[in-house]
Amino acid sequence: MENQTQNTAHDTINDRATEIGQTLEELGTVGRIWAEHGLRIGATALQTSALTLSHTADVLASIASGVNPTKDQ
């Protein structure tokens with residue numbers, strides 16, 4: 001009877017270990033998906049900021065040339 005109890009406990013531990021392993025694998029997958037999403041959002045934000053700064057620099061250069069129009073002539 002004691003052997004049967006030990007075997008049942010051992011089987012339960014093995015079943016739980018498999019379940020825990022699968023859960024950890026799924027959690028890792030979800031983590032990688034979120035990391036990829038965050039990195040893509042970050043890249044898009046940086047690209048947008050770069051474009052905005054470029055346009056702002058162009059506007060400032062245009063204003064600068066209009067401040068002293070005689071300098072270019």
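Start at 1 with the first residue, then count along the sequence. Note that the structure is a prediction, hence the values are computed from the model and not measured.
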field: N/O donor-acceptor pair under 3.5 Å between Ser54 side chain and Ala50 backbone
entry: no
- line: CG (Leu53) and CG (Leu60) are apart, to the nearest 0.5 Å, by 10.0 Å
message: Return the CG to CD distance between Leu27 and Gln22, rounded to the nearest 0.5 Å.
response: 13.5 Å
- prompt: Taking only residues two or more places apart in sequence, or in another chain, which ones meet His55 in a ring pair (Phe, Tyr, Trp, His ring centres under 6.0 Å)?
  reply: none
task: State yes or no: do Ile33 and Ile41 share one hydrophobic cluster built from I, L, V, M, F, W and Y residues joined by side-chain heavy-atom distances below 4.5 Å, directly or via other members?
output: no
- prompt: When you check the gap from the basic side-chain N to the acidic O, do Arg40 and Glu36 get nearer than 4.0 Å?
  reply: yes
- prompt: Other than Leu24, what residues sit in its cluster of Ile, Leu, Val, Met, Phe, Trp and Tyr side chains whose heavy atoms are under 4.5 Å apart, directly or through others?
  reply: Ile20
